[in-house]
Amino acid sequence: MSEFDAIVVGGGPAGASAAIKLAQNNMNVLLVERGDPPGSKNVSGGVLWGTGLGELSDDWEKTAPLERYLESKSVAFLTEKSKINIDFSTKNFEEQKTGYTVLRAKLDPWLVKKAREAGAMVVTGVTVDRLSKKDGKVVGVIQDGDEITADAVILAEGANPRVAIDSGLREPLKDHDVAIGVKEVIKLPEKTINERFNLRGKAGYACEYVLGFLKDGVEAGGFLYTNKDSISIGAVISMKHLRQSNQVYSFDIMEEFASHPFIAPLLEEGRVDEYSAHLVQEGGLSSIPKLYGDGYMIAGDAAGFSFSNGLVLQGMNYAISSGISAAEALVEAKQKSDFSSASLSRYQQKLEESYVMKDMRTFKGIENVTWSKMIHKTFPSMLENVMMGLFKEEGKPKKHMMQLVLDSMSSSKIKSKDMLLQGYRMLRRM
Amino acid sequence: MKIEERLSLLNYKTDKSYEHITVNPNICEECPDHFCTFACPAKCYTIIEGKLNFKYEDCVECGTCAVACSHGSVSWTNTKGGHGVKYKYG
Ligand SMILES: Cc1cc2nc3c(=O)[nH]c(=O)nc-3n(C[C@H](O)[C@H](O)[C@H](O)COP(=O)(O)OP(=O)(O)OC[C@H]3O[C@@H](n4cnc5c(N)ncnc54)[C@H](O)[C@@H]3O)c2cc1C
Ligand code: SF4
Ligand code: SF4
């Protein structure tokens, strides 16, 4: 007899969601979180996309620590001296509950509290060292030399999944799988934020940037999100390109972004109140390991369910959804008293039916577009040239926009055939 | 804001009895790139008098160096007993 029906390793969105669902289905579940309090180790941008919290709790809109709902979403290219921006503001976002800004040190304790209330046993400040195995099956976890047994273990350890890697359930991470996330939280009065970003009440703004001004071939995306009375700003830096350059410090990129001529004014008079950093899973479909086996399942970032396409950075939504699917598969396994790989394969099926694996498949290869010279250098500088050509009065006859594009392409040494092909590839993957 | 100032904003509960990350000085001695010094966002890896110096106390447990060091010098484990960085926003 096992001590628990399930042990969940990690109390982030994936693990906490799994624990909530398991407990709601009367399963005897232990949630182990190494942070004390929960969330104190975790970093997100973060916009939580969708209504995943609604699947966990009926009162989420009233009680969850949501900073602001999204009303405006922008995407911008930054070059050294310019910003080219696409803005989208809509009342549809609020009506359709599209996204919310959150801070993890507030969100995670709320999630873990919900798990407790549903009946899960929660321990915090406790690190799982490794899995306990018997005859090749996972039968529990080892913590500080002690074994705790369960019918099944859900690994939801996040972007640096030591237990999964050390147990051989996931390959050691490579440059292709991850990016380095750095972030600052900047305190500003609510009123100032509302005025600066043209917001009212609980409406919020989010922008993703291509940091086209970076030197030495370094590629990074930026983000800026409004919280109630602070701004979350940060960068997601490609490990591969940072390595190729081998002369740029990751922490300097944060600084360069924050002091860009079109970013600094947004932060003016703000006080940096926290700096943080965390790996981001970026490899998309190609990073995803085998998701289940005898006595275990892997969910959230630990399974590689996160990606960005330059327009959005998503991970928390997939974490919640995959945590729920793992829990549901385990509830079914319990009914059959069968925790074998064959039985837990229901987890994969559920993911394939849900948007999680569908998105991963739809955006297959997106990381090759997100992290390309085309997006980070060529495109921003072309846009800048075209815009300058359109607006600059030189006392000479003006050119058609198309001619400006062609001129700009030839000065960037791009053939129109290549541009079309790249554009097509990009659109196909986005 | 300098990285040192940024780090000084953070709360840590330092584990004096357990270094969760260690490096192998023999491997670092021969290292051709010292990429860890560029990659670590908390500047835990620095070169002092030509030698790699690693400081686990400032670590924010981001996981970067486990991937960044491609020479097998870094052995990376989680902090234990709730030790390490404690974010107030995250
Ligand atoms: C800078 C940055 C910006 C991001 N922006 C966004 C965004 O805007 N929107 C979005 O949706 N996503 C964003 N993400 C991605 C998002 O943060 C992740 O996808 C999400 O946190 C994954 O959730 P998770 O539960 O799988 O893992 P995590 O949130 O990492 O949770 C894992 C938990 O497990 C615990 N743990 C780990 N190992 C052990 C162990 N051995 N024993 C016990 N406990 C353990 C950890 O302490 C942690 O609490 C961003 C990430 C970063 C770094
Ligand atoms: S930790 Fe790795 S990258 Fe850093 S100096 Fe040592 S061998 Fe080189
Ligand atoms: S885990 Fe991150 S902060 Fe800690 S030493 Fe490694 S790279 Fe630096």
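Below, each value reflects all heavy atoms present in this structure, side chains not excepted, and no hydrogens, waters or symmetry copies. Each chain gets a letter, A, B and so on, in the order its sequence line appears, and its residues count up from 1.
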Give the minimum heavy-atom separation between [X] and [Y], together with the two atoms involved.
X	Y	answer
A:Y275	B:R6	CE1-NH1, 3.2 Å
B:P41	A:S250	CA-OG, 3.3 Å
A:D273	B:Y89	OD2-OH, 2.6 Å
B:G90	A:L103	O-CD2, 4.0 Å

Electrostatic pair [X]:[Y] at N-O distance under 4.0 angstrom:
X	Y	result
A:D129	B:K80	yes
B:E61	A:K41	yes
A:E255	B:K2	no

State whether the number of non-hydrogen atoms from other residues, nucleotides or ligands found under 6.0 Å of [X] atom [atom1] is greater than 12.
X	atom1	result
A:E171	CD	no
B:K55	NZ	no
A:Q247	CD	yes

Quiz prompt | Closest-packed option against chain A by number of heavy-atom pairs under 4.5 Å, given B:A68, B:G84, B:C40 | solution =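 When all of B:A68, B:G84, B:C40 are compared, B:A68 has the most.
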Practice problem: Quick one: which of B:T79, B:N11, B:T77, B:L7 has the most heavy-atom pairs under 4.5 Å with chain A, could you say? | Solution: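 When all of B:T79, B:N11, B:T77, B:L7 are compared, B:T79 has the most.
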From [X] atom [atom1] to [Y] atom [atom2], the distance as rounded to the nearest 0.5 Å:
X	Y	atom1	atom2	value
A:Y249	B:T37	OH	OG1	5.0 Å
B:L9	A:S276	CG	OG	11.0 Å
A:I180	B:T64	CD1	OG1	4.5 Å
A:D166	B:W76	CG	CH2	10.5 Å
B:F35	A:D175	CZ	CG	6.5 Å
B:S70	A:M239	OG	CE	10.5 Å

Using heavy-atom distances under 4.5 Å, tell me whether [X] contacts chain B through its side chain, its backbone, both, or neither.
X	result
A:N42	backbone
A:V178	side chain
A:S44	backbone
A:R162	side chain
A:N160	side chain
A:E184	side chain

Quiz item: Heavy-atom distance under 4.5 Å to chain A: side chain of B:K43, backbone, both or neither?
Solution: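 Both backbone and side chain of B:K43 come within 4.5 Å of chain A.
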Quiz prompt | Atom group of B:A39 that falls short of 4.5 Å from chain A, counting heavy atoms | solution =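 Both backbone and side chain of B:A39 come within 4.5 Å of chain A.
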Quiz prompt | Side-chain (A:E274) to main-chain (B:L10) donor-acceptor, under 3.5 angstrom | solution =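 Flag not set: sc A:E274 to bb B:L10 has no pair under 3.5 Å.
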Quiz prompt | Short side-chain to backbone donor-acceptor contact, B:N78 and A:R34, under 3.5 Å | solution = no
Quick one: of [options], who has the most non-hydrogen atom pairs under 4.5 Å with chain B?
options	result
A:G181, A:G125, A:S259	A:G125
A:T124, A:V43, A:L242	A:L242
A:V248, A:L173, A:N227, A:V128	A:V248

Practice problem: Decide yes or no on side chain to side chain contact (heavy atoms under 4.5 Å, CB included) for A:D36 and B:K86, but give the supporting numbers first. | Solution: CA-CA 8 Å; A:D36 178 28; B:K86 276 190 204 285; 4.2 Å; yes
Exercise. Start with the C-alpha gap between B:E4 and A:F251, add the side-chain angles, then the distance that decides, and say whether side chain to side chain contact (heavy atoms under 4.5 Å, CB included) holds.
Key: CA-CA 10 Å; B:E4 288 78 8; A:F251 45 84; over 6 Å; no
Self-check item: Stepwise side chain to side chain contact (heavy atoms under 4.5 Å, CB included) test for B:V67 and A:K174
Solution: CA-CA 6 Å; B:V67 188; A:K174 297 188 195 69; 5.5 Å; no
